[in-house]
Amino acid sequence: MPAVAEILIPLALDTAYSYAVPPGLTLAEGDVVQVPLGPRETVGVVWGLDERASGGNLRPVTGRIEVPPLSEPLRKLVDWLARYTLAPKGSALAMALRLPDEGAQRENPRIGVRASGRPPARQTAARGKVLAVASDGAVRGKSALAKEAGVSVGVVDGLIDDGALETVALVPEPVALPPNPDHPRVPLSDAQRDAAHDLIAAPSPASAPAEAGGTILLEGVTGSGKTEVYFEAVAECVREGRQALVLMPEIALTAQFLDRFAGRFGVRPATWHSGIGGKRRERIRAGVASGDVSVVVGARSALFLPFNRLGLIVVDEEHESAYKQEDGVHYHARDMAVVRGRLEGCPVVLASATPSIESRVNAQSGRYRHVSLPGRFGGRPLPDIKAIDMRLDKPERGRFLSPPMVNAVKATLEAGEQALLFLNRRGYAPLTLCRACGHRYQCRNCSTWLVEHRFRRALVCHQCGYAERKPEACTECGAFDHLTPCGPGVERIAEEAAELFPDKRIVVLSSDFPGGAERLRQELETVAAGECDIVIGTQLVAKGHNFPHLTLVGVLDADIGLTTGDPRAAERTFQLLQQVTGRAGRGERPGRALVQTYQPDHPVIAALLSGDAERFYEEEIAAREAAGLPPFGRLAALIVSAEEREKAEAHGQALARAADPPPGVMVLGPAEAPLALVRGRWRFRLLVKTERGIDVQSYLRDWLARGPKPRGNLKVAIDVDPQSFL
DNA sequence: AGCACGCCGACT
DNA sequence: GTCGGCGTGCTC
């Protein structure tokens, strides 16, 4: 009488399937197994076992797969995530499994070569050099040997074909060497030491009151040395023989950061991100599961790695929206980190110079502990921030840099320093208008204006990616020479800067950077090295990379983003401007920032200018309270197909009518009309205000079940503080 | 995820 | 008349 195993399969299935456990096979919960599913075999994970039940009429489990089993906390995380995001359990499991794509992209098959002892059939000068180097019989990498001999790899290949060199499979280099927590380092400042002590003294989960939890908000301005502080917590964790995970937004996962890690721990850490594939992926997973890898630095998917003795999770730049996964299973990695920390019984450190409102609220209410780093490391002054009131200091017609801004750039360049002009607008001009007939170029799918990209000679929709060639004459009235670009984008600012400073080196940094991500990364390095005078950049320059030669940051339109109607508009703008102005003066020389604005009295701008972040948070939290908006708690629903706008709107309204919230839940939407087409689906947003203890998920399930269901295409993304449901 | 079934448009 | 588009449903 075989036992029954409940097997969860990593497909869009919400329930585990029952299989018989064949005699002779011993299974434990968490084991990875192969099972028959319909006509084929699939992997699955043992989610439950019933030793006494009879699986007589069930199909049997095929066998166990030799990969590390999923620990209980990780299985609980999968269950939790599925329930929380309304995703099928199997889809949540898929994120924790992600087995290596069989044979897809192999790790660069490292082969070494050594002298075989046989003389080459033909001898040349280049071949002689190679054989002289190889004559010691040692095994070298192909390119290493070629380099050492001062010839090209072709010569080495030729000698392999000839038989004078033989190839040997090299043992792959380990995914990461063990970090040394006691590697010699620059001593911490007093403030840093105090903060580090605070982190390490995090109450152990057993002794912590359930309410306080083990989550700590580590706040400190750009340059205050947060990284060094949480490195101490990582070091302490490693000393105790436990593992640490450092999560970063993918864009911040730079060589610069890994070098800083190496400076503290002697070696670079194991890294995990979407670009790591094939065999390397599996080796890291195995190393993490066995405990050989003690520290992982990774993007959000690293959250689902099979750590077996996790002792710490750090979420760096916790306010970053890149932590939100918006396709497949929708989740917020910062929140899931908090959940995993709770399930693993380990502390979670959320680090940011500009925390999200929800983390601030959680710190204020005592749910998170709050550790602050006052000022910058080494007593360096924060940049002096001044406004340029654009109503008084107007640029010339058709120009966008006001006279004080031009003077400041000039002075900075004369001092041999670097200046950054920040404008969060890609392309050349955000709107194209025909001055003959008044026609404005608009996206045919969305309601947005098409942005001119002069480099590409195209008009592009920044919502859906639609692009058309920029016409020679107006497509409406046929007039030549009347199409006028309105407003600035970074390309246009670069044009203006080039006219003002013709002999200076100017670089435009945006996600449109020609040559792709790798070239962009290189360009960031050269800017950091000071090989450029004026940087013109979008929000991309506000994140990750440090530019030590930068002493002036000029914000060209601080008001962009304040009027978008997004409930997080103020928060986002403040964070962005605070980060970008904080880039100034992080090297030897002090920095300053100039902010062009039409609204110097706007709360966000005023708080930025006063350097008083506290004031911003107080005002913003109060403003949301007054508007009946939650400090956090947003739900998003993705609905319906392309040409069916009317149907989609009808669905939206039907959903709104179906709303009948229980006490403690307030539905504030569908707040917006369909926003955009995202790969053939309309994107809606719903706002839901909750009180603690209300289970929004169950409520939403009911709500959606009662309403007319949009033909199976509904997806709900949830971005609510998970602590409410723990 | 795959795979089958089924219902409407455009073709040798 | 069929070929084939993908929308829907099912897999223990």
Side-chain angles (χ1 to χ4, degrees), chain A residues 1-65 67 70 75 78-79 81-82 85-105 274 277-278 281-282 301 304 325-331 637-648 650-651 677-682 701 704-705 707-716:
Chain A
M1 193 153 79
V4 171
E6 300 299 320
I7 309 294
L8 187 60
I9 294 161
L11 300 178
L13 299 168
D14 202 35
T15 47
Y17 284 171
S18 308
Y19 288 86
V21 183
L25 182 66
T26 321
L27 291 178
E29 290 188 355
D31 282 350
V32 182
V33 293
Q34 193 179 64
V35 289
L37 184 71
R40 61 190 192 281
E41 295 279 323
T42 338
V43 293
V45 175
V46 180
W47 223 245
L49 278 172
D50 189 344
E51 303 291 346
R52 287 171 306 170
S54 165
N57 52 353
L58 297 173
R59 299 179 78 176
V61 173
T62 311
R64 194 189 9 234
I65 297 174
V67 295
L70 268 69
R75 292 190 321 264
V78 167
D79 282 335
L81 175 73
T85 60
L86 299 179
K89 268 188 191 178
S91 306
L93 175 65
M95 300 198 297
L97 267 189
R98 290 278 159 76
L99 293 169
D101 341 321
E102 293 297 337
Q105 70 274 57
S274 55
R281 199 177 170 84
E282 191 41 40
S301 58
F304 299 98
Q325 171 134 94
E326 309 235 40
D327 46 41
V329 180
H330 294 235
Y331 67 93
L638 286 182
I639 311 182
V640 194
S641 70
E643 307 75 30
E644 305 186 359
R645 181 172 197 131
E646 282 178 45
K647 280 193 207 164
H651 282 134
L677 267 176
V678 181
R679 282 185 291 132
R681 285 183 175 162
W682 289 103
R701 252 182 243 253
L704 296 174
K709 226 180 157 185
R711 312 186 309 177
N713 268 334
L714 186 107
K715 284 207 172 185
V716 180

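Lettering of chains follows the sequences in order, A, B, ..., and the numbering in each one begins at 1.
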Check every strand shown and say whether A:Pro10 touches a base, only sugar-phosphate, or nothing at a heavy-atom separation below 4.0 Å.
nothing
Any donor-acceptor pair under 3.5 Å linking the side chain of A:Arg64 with the backbone of A:Leu25?
no
Keeping the roles fixed (side chain from A:Tyr19, backbone from A:Thr62), state whether a donor-acceptor pair exists under 3.5 Å.
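Not at all, since once roles are kept as given, no pair shorter than 3.5 Å links the two residues.
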To the nearest angstrom, how far is [X] atom [atom1] from [N] atom [atom2]?
X: A:Ile9; N: B:dG2; atom1: CD1; atom2: P; value: 13 Å
X: A:Leu58; N: C:dT11; atom1: CG; atom2: P; value: 13 Å
X: A:Glu6; N: C:dC12; atom1: CD; atom2: P; value: 14 Å
X: A:Met95; N: B:dA1; atom1: CE; atom2: C1'; value: 16 Å
X: A:Leu8; N: C:dT11; atom1: CG; atom2: C1'; value: 14 Å
X: A:Lys89; N: C:dC12; atom1: NZ; atom2: C1'; value: 15 Å
X: A:Leu13; N: B:dA1; atom1: CG; atom2: P; value: 10 Å
X: A:Gln34; N: C:dT11; atom1: CD; atom2: P; value: 20 Å

Of the candidate nucleotides B:dA1, B:dC3, C:dC12, which contains the atom at the shortest distance from the side chain of A:Leu11?
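Selected nucleotide (nearest to the side chain): B:dA1.
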Spacing of CH2 belonging to A:Trp47 relative to CD belonging to A:Glu29, to within rounding of 0.5 Å:
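Here the interatomic distance stands at 9.5 Å.
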As a quick check of understanding, evaluate side-chain contact (heavy atoms from CB on, under 4.5 Å) for A:Arg75 and A:Leu8, giving each step before the final call.
CA-CA 10 Å; A:Arg75 292 190 321 264; A:Leu8 187 60; over 6 Å; no
